[in-house]
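Side chains are part of it too, since the values below use all heavy atoms of this structure and drop only hydrogens, waters and symmetry mates.
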Amino acid sequence: MSSDEKPDGRPAAPRSLAEALRARDDASLAALLRARPDLITPVPTDLTQLATRAGTRASVVRALERLDRFALQTAEALAVAGDPASYDELLGLMAGDDGDATVAAALPRAVATLREQALVWGGDDRLRLVRTARELLSPSPQHPSPTGLGPTVQEATAGMSPGRIQELVAAAGLPSTHDAVSAAAALTALFTDRERMAKLLGQAPPEAREVLSRLVWGPPYGQVTADPAAHLRWLLDRGLLLPTAPGTVVLPREVALHLRGGRAHRETEPVPPAVEPAGPTGTRQGSPQVVDATAAGQAYTALATVEELLKDWDEGGPAVLRAGGLSVRDLKRTAVALDVSEPVAAFWVELAYAAGLIASDGEADERYAATPAHDEWRERPAADRWADLAGAWLAATRTAGLVGGRDAKDRTLAALGPGLDRSVAPEVRRRVLALLAALPAGTSPDPESVLARLRWERPLRGPQQEDDLRSRLARWTLQEAELLGVTGRGALSSHGRALLGAPEPHAADDAARTQGSQDVPDTPGDKLPVHHRAAPAGAPAAGTVPPGPADPQARAAARAAAARLLAPLLPEPLDHVLLQADLTAVAPGPLQRPLADVLDVLADVESKGGATVYRFTPASVRRALDAGRSASDLHAFLAAHSRTPVPQPLAYLIDDVARRHGHLRVGAASAYVRCDDDAVLNEILADKRSAALRLRRLAPTVLAAQADPAALLEGLRALGYAPAAESAEGDVVITRADARRTPPRTPPEPVPEGPPVPDATLLAAAVRAIRAGDLASTAPRKTPGTPPAPGELPRTSPAETLATVQAAVLTGEALWIGYVNADGAASQRVIAPVRVEGGFVTAYDHTADEVRTYPLHRITGVAELADD
């Protein structure tokens with residue numbers, strides 16, 4: 001009979017977490033490593049090391065933070081139960097004396113989750129919470145338990161004198177005992193006996209029962225005076241209140257559980273709260289077609305806004321603050337230019353940055369500017385450009401909603417500055433959109449129900465307040481998704497669903513989506529609902545959402561699918577405008593790129609909306625002439641792209657500005673003005689407004705100025721003239737603005753929340769390595785004498801090592817060796833030697849799962865494995 005079996009042949013109960021892990025299959029180990037990726041960095045050498053790492057405080061805290069509310073309540077109940085506790089005892093703490101069918105149905109899933117996370121081990125008759133988790137969740141005066149329970153009678157009476165404990169036993173009507181331990185046990189037996197406890201409390205004064213009712217749900221501590229009232233004395237004399245310090249008393253855990261009806265929690269939440277539709281329950285917010293059309297319109301607006309931002313920064317944007325980021329003044333100016341509020345402007349700026357469209361140029365006078373990727377992006381189809389923006393938003397850890405707040409050092413958080421990364425942001429965004437995807441198509445959620453669901457799924461992620469980080473991220477997600485066109489009228493659009501990778505809903509399943517996931521079986525034998533079934537091996541932990549496809553090809557496929565669904569909903573770019581007699585042009589829709597670029601130079605945007613109105617002014621026409629266009633070019637351009645005849649006032653405006661354009665020439669003297677018509681120069685000199693330019697005549701056709709050429713140009717234009725700049729060779733300088741670009745830049749990398757989730761290949765290799773290392777450390781050996789302690793290498797002489805290895809080559813047996821590599825790292829391995837020659841042994845290494853060659857002088861010792 002194996003030592004790991006009971007006399008009846010059943011497997012023996014594990015004696016430690018390491019033994020419990022050793023009994024798992026590979027799929028279960030892979031699920032543990034996937035759920036707690038910090039355990040795999042670096043890969044443990046064996047299962048004992050894995051169990052030790054799983055019990056460290058940092059790892060346990062991280063695992064507890066990723067539990068949903070009911071699984072956490074289950075762990076809290078185990079922390080106040082006996083160690084070990086049976087499943088029936090745990091069920092009593094969760095469901096109470098009267099029982100609760102919903103809790104009973106959900107508890108197997110919660111226990112399975114705790115087991116999968118290696119927070120609980122042992123069979124149903126001996127459930128053990130890992131020691132670190134028990135220390136974190138058990139009640140103590142410094143860290144009260146969320147259950148509101150206090151210490152047990154045994155713990156509260158640990159420092160009490162034996163005589164005082166005997167007095168409590170006698171006052172409670174129990175026979176005296178021989179020692180303090182048995183006395184405490186007698187009190188515990190009384191307090192846990194429902195009938196005898198009810199009889200004892202029936203004798204209590206009404207005031208005493210009122211005191212107990214105030215302490216029963218916590219906190220269990222109270223204050224008493226040196227001479228307590230009679231009803232308090234009655235409780236103290238019978239141990240229903242026990243002193244913990246001078247003037248402080250506590251309600252023992254057993255008494256509280258009796259008063260609570262056996263419940264560890266005031267309210268258990270076995271079922272996640274439903275995400276309710278906005279408005280009256282059951283109402284539909286709109287058809288999917290209306291939602292998609294609304295979202296597509298907002299997606300087009302988002303593209304136009306980002307393009308306008310990039311156009312505003314095309315020649316070089318705001319300066320970078322010394323501490324990094326955008327100044328408050330520049331953010332306000334950007335908000336005015338985009339005609340949005342400052343928080344919304346911060347969102348668009350951060351979105352363009354996350355998509356890699358803007359960055360700092362890295363110059364000495366550092367400024368923000370468009371990147372080379374912007375030029376490629378703007379030439380792509382509109383739907384593809386939107387998919388790039390939405391994909392960058394979904395994966396970004398930078399959080400625009402924090403702009404304007406304060407960091408830990410009370411410094412203002414600036415847009416594009418440091419301190420805006422929140423690792424949990426992508427997960428929250430995806431989870432919020434996943435909850436929207438679970439609603440019937442076209443239905444928008446009630447935001448408060450979304451927040452309630454998120455708090456159930458991650459109850460330890462910050463304080464339970466409205467302004468905790470996850471709640472704020474969820475609110476910002478709903479707002480930003482609407483701005484970006486992922487949602488329309490609050491409901492998830494079809495292209496937003498494709499971007500998330502969620503399947504399309506079916507009409508037959510609409511009702512099931514609103515309540516089906518919340519249903520609870522009527523009887524314990526019924527099939528468990530989705531949220532209560534044990535997760536399959538390798539599935540994400542309950543209440544979590546994968547951070548999106550890890551494969552770049554999968555992410556690209558999701559973006560491509562979203563672009564395909566959005567493309568038919570976006571308006572087709574137009575190749576024409578409608579010219580009007582009031583010197584305006586109306587673009588009834590989005591314009592093709594070349595037409596829009598030229599029109600932006602030739603006219604000023606007057607209003608936006610479904611149609612864009614451009615206004616032609618002398619300054620805008622002069623801007624086009626400065627860019628190298630001639631009057632004939634402008635006439636031909638307008639005639640080619642207008643569905644209406646070119647109005648006469650517009651033709652006159654172009655000809656008039658062109659006639660005067662370049663009549664005056666400005667060059668560098670410091671600066672000079674020359675003109676073939678000396679009457680014009682006389683007019684300038686006679687104008688009092690030109691005094692600031694400090695002009696003087698050098699020749700009948702030349703004036704000199706002490707102002708620089710740029711100031712002279714601006715001054716003469718302010719006087720109503722249309723001068724042109726002149727080069728050193730006497731040619732007219734074309735003043736087309738040069739687009740400013742940064743050197744090639746990559747988008748900012750998201751800041752991960754802890755170690756990344758390992759992929760299937762890494763998990764399989766890690767499980768294989770852990771299994772092999774565990775075999776090397778636990779396999780029985782034919783080693784004479786005392787075997788080495790755990791972690792120590794076997795020791796044999798070189799002659800013994802060589803002889804044993806050579807014998808193994810002949811017999812084909814496996815050996816256990818201690819090995820020290822060239823870096824001095826020691827390890828234990830199980831090898832099957834193939835040949836020995838030249839001071840090296842070639843063997844199949846079970847630990848590495850490959851054939852390797854080892855120098856014999858680096859083998860510290862060797863032992864044969866036992867036959868079994």
Side-chain angles (χ1 to χ4, degrees), residues 6 8 10-17 19-25 28 31-32 35 54-55 60 63-64 67-134 137-138 145-147 149 152 188 192-194 253-254 256-258 260-265 267-271 520-529 531-537 541-542:
K6 292 182 178 181
D8 57 3
R10 293 181 300 163
R15 295 168 295 180
S16 65
L17 177 59
E19 288 190 9
L21 294 177
R22 196 165 285 122
R24 293 191 179 194
D25 57 19
S28 180
L32 168 62
V60 170
L64 290 175
L67 295 176
D68 61 52
R69 189 182 299 278
F70 186 66
L72 182 61
Q73 287 182 327
T74 303
E76 292 166 352
L78 279 172
V80 297
D83 187 24
S86 66
Y87 183 86
D88 291 338
E89 181 183 355
L90 175 62
L91 178 61
L93 288 171
M94 296 298 294
D97 295 342
D98 298 333
D100 187 324
T102 305
V103 171
L107 191 59
R109 192 272 306 170
V111 174
T113 298
L114 295 175
R115 274 202 179 105
E116 180 184 288
Q117 301 266 340
L119 295 172
V120 167
W121 57 277
D124 284 351
D125 57 338
R126 296 179 63 83
L127 292 173
R128 291 184 181 272
L129 193 65
V130 294
R131 184 178 60 182
T132 307
R134 178 174 288 275
L137 299 177
S138 293
S145 169
T147 61
L149 294 170
T152 63
T188 300
T192 53
D193 188 314
R194 295 290 188 261
R253 185 181 305 172
E254 294 84 355
L257 286 174
H258 173 83
R260 296 179 179 192
R263 288 181 176 270
H265 297 88
E267 293 182 3
T268 52
E269 299 182 57
V271 179
V520 177
D522 295 330
T523 63
D526 288 344
K527 187 176 181 180
L528 293 178
H531 287 289
H532 297 302
R533 298 174 195 157

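- Side-chain contact between Arg109 and Asp68 is present, with heavy atoms from C-beta onward closer than 4.5 Å.
- Applying the side chain to side chain contact (heavy atoms under 4.5 Å, CB included) test to Leu114 and every residue at least two apart in sequence or in another chain returns Leu67, Thr74, Ala75, Leu78, Leu119, Val120.
- Closest of all the heavy-atom pairs between Ala104 and Tyr87 is O-OH, 4.4 Å.
- Within the 4.5 Å cutoff, side-chain heavy atoms of Arg115 are placed close to those of Leu127.
- Considering only heavy atoms from C-beta on, Val271 stays 4.5 Å or farther from Phe70 through its side chain.
- The main-chain N or O of Ala63 is never found under 3.5 Å from a side-chain atom of Gln117 such that the two would form a donor-acceptor pair.
- Between the side chain of Glu19 and the backbone N or O of Arg15 there is at least one donor-acceptor pair closer than 3.5 Å.
- Here Thr152 pairs with Gln154, Glu155, Arg253, Glu254 under the side chain to side chain contact (heavy atoms under 4.5 Å, CB included) rule; sequence neighbours left out.
- For residues 92-105, the salt bridge (Lys or Arg N to Asp or Glu O under 4.0 Å) pairs, not counting sequence neighbours, are Asp97-Arg194, Asp100-Arg263.
- In terms of the side chain to side chain contact (heavy atoms under 4.5 Å, CB included) criterion, residue partners of Arg126 (sequence neighbours excluded) are, by chain and number, Pro84, Arg128.
- For Glu269, the salt bridge (charged side-chain N to carboxylate O under 4.0 Å, His left out) test picks out Arg69, with sequence neighbours left out.
- Remark: the backbone N or O of Ser138 is not paired with any side-chain donor or acceptor of Arg134 at under 3.5 angstrom.
- Partners of Ala133 according to the side chain to side chain contact (heavy atoms under 4.5 Å, CB included) rule, which considers only residues two or more places apart in sequence or in another chain, are Val60, Leu129, Val130.
- Taking all atoms of both residues into account, the shortest heavy-atom contact from Ala81 to Ala85 is CB-CB, 3.9 Å.
- Annotation: side chain of Met94 is in contact with side chain of His265 (closest heavy-atom distance under 4.5 Å).
- Leu93 has its side chain within reach of Leu257: a pair of non-hydrogen atoms, C-beta onward, lies under 4.5 Å apart.
- Pairing each heavy atom of Leu149 with each of Ser145, the nearest pair is O-CB, 4.3 Å.
- Counting all heavy atoms, side chain and backbone alike, Ala20 lies closest to Pro14 at N-CB, 3.7 Å.
- Remark: side-chain polar atoms of Thr268 are not paired, donor with acceptor, to backbone N or O of Pro270 under 3.5 angstrom.
- Pairing each heavy atom of Ala264 with each of Thr147, the nearest pair is O-CB, 3.3 Å.
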